[in-house]
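Below is one structure; the comments refer to it alone.
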Amino acid sequence: MPELPEVETTKRGISPHIINRRVEEIIVRQKKLRWEVPNNLSRDLVGKIIFTVTRRGKYLLLASDKGTLIIHLGMSGSLRIVNKDLIAEKHDHVDVVLENGKALRFTDPRRFGCVLWEASDIDSHPLLNNLGPEPLNDEFASDYLFKASRGRSIAIKAFIMNSKIVVGVGNIYANEALFLAGINPKRPAGKISKTQYDKLVPSIKRILKEAIAVGGTTLRDFTNSSGEPGYFKQSLNVYGRGGENCIRCSNELKEIRLGQRSTVYCTRCQN
DNA sequence: ACTTCGACCTGTTGGC
DNA sequence: TGCCAACAGGTCGAAG
C-alpha cells in the first residue's frame, strides 16, 4: 500500500489525534511482524506523552521523552484512529491506546510492516542511520544523484528505489517519474547524463508532491486514517497500464519485470 | 563495494 | 464453479 505519499497522508491524518496525548495502554495481538514487537514497549511507553509525529522515508516516528516508536507499514499496513473499544479484526495487530478514549490501530495483513522501539538515539537506529536524503529536500538535487550514480551498472529504476540513494520512491512513483522524465527504466544508472538527471529529479519531486496533494494512490485498499481513498490513481500515466496506449504518443505501453517488480514504460517516449 | 535474488506473509485475480 | 499459480504499494540480508 504505502509509498512516501501514502505514509505522509497517514502522518497528517493521525498527528492531530495523538500529539500531546498520553499513552494509556499498548495492546499487542500479534507480535510477529517483520520484526517482533519488543516486549519492553509497554513498560517504556505507557504513561508517556507523544509529543511529535515525524516521517523519515517510509518510517513514521512517534517521539516521547523516553524514546521513539518506529512504525513501518510494509506492503499492506495501515494506521487508523479508532474508539478504543472498537472490536479488533483479524489483522489488527497493535493498538496504542490513548487517554482520550481513542486508539492508534496498526493493521497489516501481510505483516511486512513493523512496530519497534528505540529508547535512546533515534538517528543511530540501524534502520534509519544509512538512509539517503528525503526526495523533497533541496539536498536531493540532480548533481547529487548524478555523482552517486557514476560507475553503477544497476538499472535506473532500481537505483532510485534504493533507500540508501533516496528514500520514499517505491514502485508506482518510480515508474511514473521515469515516464515523466522520458528515461527507459532499464538504462544503467551510471550511463545516464547529467542533463537527464536534471529532468529526473524534478520529475520525482513533482510526482510525489502531486500525489501527496490528493492523498496518495488507492489501488485496492489504501485509505487515509479517516477511511477515505487517495485520488492519485486517476493521474497514473503508466503504472498498471501495460498493454494500453501511451498518453503521449499512443504507442502500446510495455510491461516487464525488473528486479522482481512490475515495470511499465513507453518504448517510444522513454530512451 | 556492488548486484541479484530469496525470504518474509496473506489476499486477490486471472487463466484453465 | 473450483483450483492453482502468479502477483501485490517493501526491503533486508545472504550469496555471488
Side-chain angles (χ1 to χ4, degrees), chain A residues 1-11 29-37 55-60 70-79 89-94 106-116 125-132 135 147-177 185-191 204 207-208 211-212 214-224 229-236 238-243 255-264:
Chain A
M1 169 201 323
E3 295 190 34
L4 186 148
E6 292 74 38
V7 178
E8 180 65 23
T9 297
T10 298
K11 187 197 97 173
R29 302 183 189 84
Q30 167 62 276
K31 63 180 177 182
K32 293 192 176 187
L33 304 179
R34 175 77 197 262
W35 292 282
E36 269 204 11
V37 180
R55 179 187 59 70
R56 177 72 176 101
K58 297 173 191 165
Y59 292 93
L60 285 171
I70 303 170
I71 301 175
H72 194 291
L73 301 178
M75 202 83 136
S76 57
S78 61
L79 287 169
E89 297 191 37
K90 190 174 178 186
H91 302 295
D92 295 341
H93 305 313
V94 179
F106 175 85
T107 306
D108 186 5
R110 291 178 75 180
R111 289 190 270 131
F112 289 175
C114 64
V115 177
L116 295 172
H125 192 281
L127 290 174
L128 303 173
N129 68 359
N130 280 320
L131 293 178
K147 281 177 191 155
S149 68
R150 291 309 90 180
R152 303 288 297 263
S153 61
I154 193 170
I156 183 62
K157 177 161 174 272
F159 184 67
I160 61 174
M161 289 176 70
N162 178 348
S163 63
K164 289 181 179 160
I165 301 301
V166 58
V167 296
V169 182
N171 198 37
I172 298 177
Y173 302 111
N175 276 295
E176 294 300 317
K186 292 190 292 189
R187 291 264 309 281
K191 296 201 169 161
I204 292 171
I207 216 82
L208 294 175
I212 290 169
V214 296
T217 300
T218 295
L219 292 179
R220 45 182 61 132
D221 58 1
F222 173 75
T223 59
N224 66 20
Y231 292 100
F232 197 71
K233 185 175 194 303
Q234 299 157 13
S235 308
L236 296 177
V238 287
Y239 184 85
R241 296 193 61 241
E255 180 153 7
I256 60 170
R257 295 198 68 81
L258 205 162
Q260 308 143 287
R261 309 305 297 275
S262 119
T263 301
V264 186

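Naming: A, B, ... by sequence-line order, numbering from 1 per chain. These values consider heavy atoms only, across backbone and side chains, with no hydrogens, waters or symmetry-generated copies.
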What does the list of N/O pairs under 3.5 Å between the protein and nucleotides 12-16 of chain C look like, with a distance for each?
from   : atom 1 : to      : atom 2 : distance (Å)
C/dC12 : OP1    : A/Tyr59 : OH     : 3.3
C/dC12 : O4'    : A/Arg34 : NH2    : 2.6

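Remark: A/Thr9 pairs with A/Phe222, A/Asn224 by the side-chain contact (heavy atoms from CB on, under 4.5 Å) rule, at least two apart or across chains. For A/Arg29, the side chain to side chain donor-acceptor pair (under 3.5 Å) partners two or more places apart in sequence, or in a different chain, are A/Asp95. Residues satisfying the salt bridge (charged side-chain N to carboxylate O under 4.0 Å, His left out) test with A/Lys233, not counting sequence neighbours, are none. Legend: residues meeting side chain to side chain donor-acceptor pair (under 3.5 Å) with A/Tyr173, ordered by chain and number and at least two apart, are A/Glu6, A/Thr217. The side-chain contact (heavy atoms from CB on, under 4.5 Å) search around A/Lys32 returns A/Gln30, A/Glu36, A/Arg111, not counting sequence neighbours. Scanning for side-chain contact (heavy atoms from CB on, under 4.5 Å) contacts around A/Arg150 gives A/Phe146, A/Tyr197, with sequence neighbours left out. Under the rule for a side chain to side chain donor-acceptor pair (under 3.5 Å), A/Ser163 has no partner lying at least two apart in sequence or in another chain. Taking A/Asn162 as the reference, nothing meets the side chain to side chain donor-acceptor pair (under 3.5 Å) condition, with sequence neighbours excluded. Partners of A/Arg241 under the side-chain contact (heavy atoms from CB on, under 4.5 Å) rule, at least two apart in sequence or in another chain, are A/Glu244, A/Ile247, A/Leu253.
Among the protein residues, A/Lys58 comes within range of the sugar-phosphate backbone only, with heavy atoms under 4.0 Å from sugar or phosphate atoms but none that close to a base. Looking at heavy-atom distances under 4.0 Å, A/Arg261 makes contact with a base. A/Phe232 comes within 4.0 angstrom of no nucleic acid atom, judged by non-hydrogen atoms across all strands.
Of all non-hydrogen atoms in A/Val169 and A/Glu3, the two that sit nearest each other are C-OE1, 4.0 Å.
Of the two residues near DNA chain B, A/Gln260 and A/Ile154, the one whose nearest nucleotide lies more 5' is A/Ile154.
A donor and an acceptor atom, one from each side chain of A/Thr263 and A/Glu255, are nowhere located under 3.5 Å apart.
What separates CZ of A/Arg257 from P of C/dA6 is a distance of 11 Å, to the nearest Å. With rounding to whole Å, A/Phe112 atom CZ is found 9 Å from C/dA8 atom C1'. The nearest whole Å value for the distance from the CZ atom in A/Arg55 to the P atom in C/dG10 is 14 Å. Regarding A/Leu33, its CG atom lies at a distance of 18 Å from the P atom of C/dG10, rounded to whole Å. Atoms CD1 (A/Ile172) and C1' (C/dC7) sit 14 Å apart, rounded to a whole Å. Here the P atom of nucleotide C/dA8 and the CE atom of A/Met161 are 11 Å apart, to the nearest Å. What separates CD of A/Glu176 from P of C/dG9 is a distance of 12 Å, to the nearest Å. Rounded to whole Å, atom P of C/dA8 lies 13 Å from atom CD of A/Glu3.
Chain A approaches DNA chain B within less than 4.0 angstrom (heavy atoms of the protein), and the contacting nucleotides run 5' to 3' from B/dC2 to B/dG11.
Nucleotides B/dC5 and C/dC7 are separated by 15 Å at their P atoms, to the nearest Å. Comparing C/dC4 with B/dC9, their P atoms sit 22 Å apart, to the nearest whole Å.
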With side-chain contact (heavy atoms from CB on, under 4.5 Å) as the criterion, how do A/Ile172 and A/Phe232 come out once you've worked through the C-alpha distance, each side chain's angles and the decisive distance to 0.1 Å?
CA-CA 11 Å; A/Ile172 298 177; A/Phe232 197 71; 5.5 Å; no
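Secondary structure note: stems in DNA chain B built from 3 or more consecutive Watson-Crick or G-U wobble pairs under 3.5 Å occupy B:2-8 with C:10-16, B:10-16 with C:2-8.
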